[in-house]
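Order of listing sets the numbers, starting from 1, for every ligand and every atom in it. We count residues from 1, following the sequence as given.
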Amino acid sequence: MSASKRLAGEKAIDYVEDGMIVGVGTGSTVAYFIDALARMRDRIGGAVSSSEQSTQHLRGHGIDVLDLNAVGPLPLYVDGADECDPHRRLIKGGGAALTREKIIAEASERFVCIVDPAKQVPVLGRFPLPIEVIPMARSLAARAILAATGGQPVWREGVVTDNGNWILDVHGLSITDPVAMERELNQIPGVVGVGLFARRPADVVIVGGEPPLVL
Ligand code: 5RP
């Protein structure tokens, strides 16, 4: 239980309008948003989910989960983050859902990120950067990531993503140019998704507190 995560999740309801199909992220902060969304489930058009975990949570509340291909662009995406810099650029993927999260963020007009104050950093990289890779490319990708960034990739053993892939967490980074690093890492064969959300940052960040801070 985290009061600041709950306050951030509940504040994000302010951005939900009647009839909307809402993009929904993954994690413990988003879980509070889903609980709040459930209280207005009869007024929304449904949700597009970024993970099996969130899908189960949404359906458990009787919220329709729709296929992104069937609904097209979304007006709103609400998701948490592992780190957030002053430009609303993020590290995400602590819950291994980064690839679907990035797809929904890209498909959404407005991305509202909900975090507790501990997630705010001046420079991204203290949290190890998650990268989703095709299993057979794990070693190849790890060597290329080391060469490109100087960071140390560590295999998150035992974790398989919803897409059937693996995660490398890159330690020891100080990401002063996140847009360039995101672009470079995306070029590595076998990399499916990079947990840097810099090219498409959040549009709004809600930092949980009394009252919540909207950045
Ligand atoms: C999942 C994510 C989450 O948004 C991130 O890990 C934050 O999680 P939490 O709200 O539990 O702190 O990127 O892939």
Does a donor on one side chain sit under 3.5 Å from an acceptor on the other, for S54 and S49?
no
Between E83 and F127, is there a donor-acceptor pair closer than 3.5 Å when you use the side chain of the first and the backbone of the second?
yes
Any luck finding a side-chain donor-acceptor pair between Q53 and T26 under 3.5 Å?
no
For ligand 1, what is the set of protein residues having any non-hydrogen atom at a distance below 4.0 Å?
K5, T26, G27, S28, T29, D79, G80, A81, D82, K92, G93, G94, G95, A96, A97, E101, K119
Which hydrophobic side chains are connected to L140, either touching it within the sub-4.5 Å cutoff or through other members that do?
none
Using salt bridge (charged side-chain N to carboxylate O under 4.0 Å, His left out) as the criterion, list what pairs up with R200, not counting sequence neighbours.
D203
Taking only residues two or more places apart in sequence, or in another chain, which ones meet Y32 in a side chain to side chain contact (heavy atoms under 4.5 Å, CB included)?
M1, K5, R6
